[in-house]
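Take a look at the structure below.
Quick note on labels: first sequence line is chain A, next is B, and so on, each numbered from 1. The analysis underlying the following values was restricted to heavy atoms, covering all of them including side chains, and did not include hydrogens, waters or symmetry mates. All of these numbers come straight from a predicted model, not from anything done at the bench.
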Amino acid sequence: NAGVTQTPKFQVLKTGQSMTLQCAQDMNHNSMYWYRQDPGMGLRLIYYSASEGTTDKGEVPNGYNVSRLNKREFSLRLESAAPSQTSVYFCASNPSGSGGRGYTFGSGTRLTVV
Amino acid sequence: SQQGEEDPQALSIQEGENATMNCSYKTSINNLQWYRQNSGRGLVHLILIRSNEREKHSGRLRVTLDTSKKSSSLLITASRAADTASYFCATVSSGNTPLVFGKGTRLSVIA
């Protein structure tokens, strides 16, 4: 089915470990986004890529890096995980980034840092 | 920072009743969107209303927008148990800015 695919679905890390969250979309969308969702906080934007070759910081970028590998793939990297990064991470995509269309979300990665 | 603020935080109703959720935001917008999230799942786009629109309908959903009050409401008519979910409003401030989400309303529809 067309959509946004995130891997892995679950992950447990030790403090200081690194990992990369993968996201791929097959809808030929230009824009891609990484959000985190914490209880009672709604979704907060970490980084986004308005188009292939560009990335920009969102509201909460500290401790993260991103790579827009190609038009389909947008990865999120935690270089040295901290307990404060325990969260559910969602990737989303949008046709043009103009806001004129709804976003398509992946099913999320539930990350626990111990 | 959170742009939208949903009210109430939680709502419990009987099947067949109507559910109304409200969203207030702080700055001018290009459009406002509503999303649904079932427990443990990703968000699903429900409806988008542009700043020059006042009302939109989609099936059992009715969304209104009052830009003078910086507020929107989502009405779900004839609620079903399957409507149990969290509902989020999200705003786009200008053409290319990303969505900014509120904290959501948890809706429980009791059969």
A:L43 reachable from A:Y89 in the ILVMFWY side-chain graph, under 4.5 Å edges: no
Are A:V66 and A:Y35 linked, directly or through intermediate hydrophobic residues, by side-chain heavy-atom contacts shorter than 4.5 Å (ILVMFWY only)? no
Could you report the tightest heavy-atom contact between [X] and [Y], atom names first, then the distance?
X	Y	value
B:F88	A:G42	CE2-CA, 4.0 Å
A:F90	B:G42	CE2-CA, 3.5 Å
A:G102	B:L48	N-CD1, 4.4 Å

Do you know which of B:H45, B:R106, B:E6, B:Q9 has the most heavy-atom pairs under 4.5 Å to chain A? B:H45
Gap separating the [atom1] atom of [X] from the [atom2] atom of [Y], nearest 0.5 angstrom:
X	Y	atom1	atom2	result
A:D56	B:T97	CG	OG1	11.5 Å
B:F101	A:Y103	CZ	OH	7.5 Å
A:S31	B:L99	OG	CG	11.0 Å

When the 4.5 angstrom heavy-atom criterion is applied to A:Q37 and chain B, the contacting part is side chain
Tell me every residue that passes salt bridge (Lys or Arg N to Asp or Glu O under 4.0 Å) with A:D38, counting only those two or more places apart in sequence or in another chain. A:R36, A:R44
Among all residues two or more places apart in sequence or in another chain, which pass the salt bridge (Lys or Arg N to Asp or Glu O under 4.0 Å) test with B:R60? B:D83
[atom1] of [X]: more than 12 outside heavy atoms within 6.0 angstrom?
X	atom1	result
A:R72	CZ	yes
B:R80	CZ	no
A:R77	CZ	yes

Answer with side chain, backbone, both or neither: which region of B:Q37 has an atom nearer than 4.5 Å to a non-hydrogen atom of chain A? side chain
